[in-house]
Every structure is written in C-alpha cells, then in structure tokens.
Amino acid sequence: MRILYDSKQLKYKDPFGTLTPGQKCTMNLHIPAAVQTTSVNCQLTDDRGTPIAIAPMMLRERQGPYEIYTGELVLDRPGLYFYYFHIATCDGGFRLFKQGDDTNMEAGDLWQISCIPADFTTPDWAKGAVIYQIFPDRFCKAGEVDLTGKLEPYTVHTDWYEDVRWQSNDEGNVLNNDFFGGNFLGITQKMDYLASMGVGIIYLNPISKAFSSHRYDTADYKTPDPMLGTEADFAAMCDAAHSRGIRVILDGVYSHTGSNSLYFNREGAFDGVGAYQSEDSPYHNWYTFYDFPDSYRSWWNFDTLPTVQKMDPGFIRYVITGEDSVVAHWMKLGADGFRLDVVDELPDAFVRLLKEKIRSIRPDALLIGEVWEDASNKVAYDIRRRYFVDAELDSVMNYPFRTAIINFVRKLDDGRNLKDTVMTIAENYPPQVMACTMNMLGTHDTSRILTALIDDFKGDRAEQAVRRLSRSQLYRAYDRLNMASFLQYMLPGAPSLYYGDEAGMEGYADPFCRRPYPWGREDQELQSHYRRLGRLRQENEVLRMGDIQFFHWQNHQIGFSRSYQGKTLRVYANRSSDDWEIPAGRILLGRNIQTVASDYLCLGHMSYCVVEDVSSDP
C-alpha cells in the first residue's frame, strides 16, 4: 500500500492552488498503519531549497488500513515555496516526495505552493475572453496611406495573394522588408467580422515605425508605421473596437530596438544623433558598447537588434514613467494594455514599474507576458522570476496547453498528459491569472496549427515555401483542428485565435505562418465552427469563469467538467478508435454524436461534445 497525497485534490490539500498571506492551508496525509508512524512533519523550503519552517501533523483519525495525519500551514508573505514530508517510524524515518500525482520515499520532486498578494486583481473583461491575434501587415488592407517617412528600401506586393518573400539577399540576410499593406483601416473595416467570431480582445503584433514587416525592430516607439496609417487611424480603430465591446492590446518590445532607429541610428536615416553615432547622444546609455561604435550587445547576436539597458533612467522615463511615455502615449490613443515581448529578458523591477504605470492610467489595464514554460516557477538568466508572487503580470501566453492539446489530438498522449498539464497550470497559477491565460494553438512564432497537427517536415525554406498539405492530409488535419479548437475553447483561460487559422491557412514557421489572410478564399465550414465556439463561450459564463475537474483521461479519451455558480458543463473528446458511451445531457455543441438511449450518448472516433447537466438547472 502506498502513502496517499495529491495536492490537486481537496481531500488532501485545502484550498486548491495558491494562497494569500495569513490564509490557512490544511493538509491530510494518508499513511498505511503498517508503516507504524510515530510522527509527521511538513518541511517548508524557500525557492532555493533552504528549509524555513516545519508544520507538525497530528494523527486525526483512522480510515480502514490508513491513518490520517493532518496539519496546517500558513505563509506570512508572498513568495514561491516548496515542501515535502518527513515521517518518523518505530524503525527510523524517511522523507516523502512528489512523484506525478503520487508519492515516493526518498526520491522525487518537491510540492510547489505560491503565496500571492491579497490585493492581486486582474481585469474582469479579460477573464475567459476570446483573443484574436493580428499580424498587422497581413490581415486586411483598406484605403490609402501616406508612406512619407517609411524606412527604405521596401517593396509592396501588388497581389495580396502572392507568397511572402523568404529569400536572402546577396549578403545572405533576409531583410523582411516586403509588405502587403495591411493597415488600421483594414482592421476597422473587419470589426464586425471579429465581433461575429465572439472576439473580446484584439492583440496586435508591433505597430510602431520600423524597417521590417514584423516591426520587432522598433525605429520610433511613439509613431505608427506609415504603412499602417496615422495615430488618428489607430484611435478610430480602437473606438470601433470599443463600441463593440472589444478591447485592444499592443505588443510591447522593450528588450531591444532596431539599429535603424531614432535611438541607435546606425544607418543615419534619422535627423537626430543616435547612440551609434556619438557617445554624447542622449540615447547612448541605453545601449552596451564593447568597442564603440561597431561592437555592441544585440538580441541573440542580430546586429540589427541592439539590446537596451532596461533599467537605464532615461529609458525608464521614455518608455514608462514620463508624462508622455511610450505606454502612456498609446493608452491615451485607445490601447487597453500590452503583451510584453520576451518578458524573461525584462527585469522584475521594470515589469513592476510598467504595471504600476498602466494601472495608474487605466485601473483595469491588462498586462500579458510572453513566457513559453510554466511561468509560476520560471528561472531566466539564473533569476527566479516573480511574475505572480509580486502581481507583476495579469496573464501569460500558455504554450504548455498548446503542446498538450496538440499531443492529445495527434494521439501522442492517451489523455493523461493533457490532464496533468492543465491541472498543474491550474494549481500553480493564481485563479485570477488562470482566467486570463492566453491559450493559443497558433502564433506568429509557430507553424500554422493546421500544419502543426499533421506535418513535421523539417526541410529548408525553399522546400517549405512550396510544400502544401495533400488532400488526405488536409482531411485529417481539419478533423484534428476541429477537436483541438474545441478543447482550446472549453478549457479555462482566454482562447487566442491567430488570424487566418479559422480560415484554414497552412504553413510552416516564420515567415510562412505570416502570409496574408485569404479573404474570399476562406474555408467557410471551419469559419462557422470557430464562430459557434466563440458564441458558445460568450453565452456561457461557466466556460469563461468556471473551475475544472477531470473525470476521465485514458484510452485517448478525455473528459472534464466546468462548474460555476451552480451550473456544470461536461466536456468529452474521443480521439480513440473505439466508441465511447457517455451520460446524456442537454447538448450545447458536438460532432458525430449518436443517441443510444434516453440517458446515454455515443461518441465515435474523432467525436466531441459539451453537455449541460440538467440537474444544474435552477
């Protein structure tokens, strides 16, 4: 018999998940009587593994062959903590560690527990909202813009449906300076379409003036790229979104600038004196020069992306604290928040200052961070990050969910890993963060989800540019995408739809995941599927705010419930080749469902459904 303890179950640990200072946490350890236990302690450590407290556990009762030891733990200040148990016996004693959802003696992992500030809040409007990510140059073009001041050289495609330019120049560099002309007015004209998809938040990749089409090489933080339009066009776009109940968040790129920028000015395109040009430049201290001017720190050694000194007082004033700082400038024009690019490279102090600033302008402003792993315990550059224990970020990009969903739908996981991933994130993240997590299947940094679900081709760019899914691959990929997106919209958090995924776009990673939206050539059936998912989420608060419990995770079948304020929805997905009989209920959405009897339904291969418990009716 094993010693029983699973921190994700309330009968072992109450409350579930994170704590606030002074909140009591009760732990129950089920130990077989045959162990002959004499005493039990819970050993608490800090995030460096240093023991900091011991919580004694007392024998509370006996249940059959088990003795139940109970103890209470109270944390007095925010932070990331870990714990294990020490069990003394008549013959000596041993330490008890975590092994998956089970326990193990003298080997394994520590249990994690976070203490977060009691006043940590996240915007209500972001909780459970559908996010729509737009790569601005490639979404929609409308009207004409004044290209005066556009950094040169550049080319504009004359055919919206041409392929992106991926070839390198004679020096072997890919310049990314081909544009299709997507702009603010184009987004504004498609606002009704976005509203019809149930979108509550638009996330825009960088919009500031830049040389490249991706615009992560910022040239002027406070000026929109001429190809996109003017500040007035941006403000009008935000107004159009707000009138439909849609918020707008921007990409904050503050780890580096472009070399061709107002601040660095290596190419001399700007009238002022940049850091590259003179050590007397007002921007010189923003950068780190090893041998002025040609040797300097740059982002991942791309010399077109010089890295900034984030805590330089001048940079802080310009981006954050100044009256017309970068973040203040865009929020006054209508932005509702920011997604911080490579937030792991921004110091905690920088993130806290930025959060304080945007909340001073708009108390319900949203701040999302780009993190690819579990953000609750992330270590970056040998520093443990404090994203949640210091209430720095409201949300993060949820790549763990993406990986877990893809693996389940591709039949690389029988369901257990999907369950484990979701419940680990749910346990480690504060509930107010969990409700806002950016749950995406595709982004500008990944292959199109339609491609990722079926094709692992690793050829060179020339091969990727012309490769397309075969008819049989497309058929299977669409099947998988229907199930993957269904799970994405059923799980806690904010499902994020990358522009064009709902239209059936395919392609490998950058730049082939950044092709123009195929207006007039969309897969309308897939589009309708996403529209139904968005509407279902809008109409059911339980999907936006409810907690989650898994009740089935084996044989390539997954089942979980979402519950909120007395209402419960049950979610099923069958990736196996076997039929799966499930209890009946009011079907809210489903695919390939057969009614077996009045009280049972049958899900065939690649079927799914969400049903409402009739018992949850008022």
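Every value quoted in this text rests on a predicted model; they were computed, and no experiment measured them.
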Gap separating the SG atom of Cys140 from the CD atom of Gln189, nearest 0.5 angstrom: 6.5 Å
The single option from Trp286, Tyr263, Tyr296, Tyr276 passing side chain to side chain contact (heavy atoms under 4.5 Å, CB included) against Pro306: Tyr296
Centroid-centroid distance, Phe289 to Phe264, less than 6.0 Å: yes
Side chain to side chain contact (heavy atoms under 4.5 Å, CB included) partners for His329, two or more places apart: Lys222, Glu231, Asp324, Leu333
Electrostatic pair Asp251-Arg215, nearest N-O below 4.0 angstrom: no
Partner set under ring-ring contact (aromatic ring centres under 6.0 Å, His included) for Tyr203, not counting sequence neighbours: none
Given Leu450, Leu453, Ile405, the one that forms side chain to side chain contact (heavy atoms under 4.5 Å, CB included) with Arg480: Leu453
Partners passing side chain to side chain donor-acceptor pair (under 3.5 Å) against Trp299 (at least two apart in sequence or in another chain): Glu345
OH-CG distance between Tyr489 and Leu487, expressed to the nearest 0.5 angstrom: 13.0 Å
Pairwise distance CD(Glu463) to NZ(Lys458) - rounded to 0.5 angstrom: 13.5 Å
Rounded distance [0.5 Å steps], OG1 in Thr155 versus CZ in Phe180: 9.0 Å
Stepwise side-chain contact (heavy atoms from CB on, under 4.5 Å) check, Leu526 with Leu481: CA-CA 9 Å; Leu526 185 61; Leu481 181 52; 3.8 Å; yes
Side-chain polar contacts of residues 234-249 - donor-acceptor pairs under 3.5 angstrom, sequence neighbours left out - could you list them?
{"residue": "His242", "atom": "ND1", "partner": "Cys238", "partner atom": "O", "Å": "3.3"}
{"residue": "His242", "atom": "NE2", "partner": "Gly334", "partner atom": "O", "Å": "3.4"}
{"residue": "His242", "atom": "NE2", "partner": "Asp336", "partner atom": "OD1", "Å": "3.4"}
{"residue": "His242", "atom": "NE2", "partner": "Asp336", "partner atom": "OD2", "Å": "2.7"}
{"residue": "Ser243", "atom": "OG", "partner": "Asp239", "partner atom": "O", "Å": "3.4"}
{"residue": "Ser243", "atom": "OG", "partner": "Ala240", "partner atom": "O", "Å": "2.8"}
{"residue": "Arg244", "atom": "NE", "partner": "Asp192", "partner atom": "OD1", "Å": "2.7"}
{"residue": "Arg244", "atom": "NH1", "partner": "Ala240", "partner atom": "O", "Å": "2.8"}
{"residue": "Arg244", "atom": "NH2", "partner": "Asp192", "partner atom": "OD1", "Å": "3.0"}

Separation of Lys332 NZ from Glu323 CD (nearest 0.5 Å): 5.5 Å
Near-ring test Phe139/Trp519, centroid separation under 6.0 angstrom: yes
Residues, nucleotides or ligands: over 12 heavy atoms within 6.0 Å of Glu525 CD: no
Thr443: partners by side chain to side chain contact (heavy atoms under 4.5 Å, CB included), with sequence neighbours left out: Gln133, Met397, Tyr399, Met440, Asp445, Thr446
Phe302 ring center near His256 ring center (under 6.0 Å): no
Residue list, salt bridge (charged side-chain N to carboxylate O under 4.0 Å, His left out) with Glu392, at least two apart or on another chain: Arg352
Tyr216/His444 aromatic ring centres below 6.0 Å: yes
Atom pair CG/CD of Asp124 and Gln432 - distance to nearest 0.5 Å: 10.5 Å
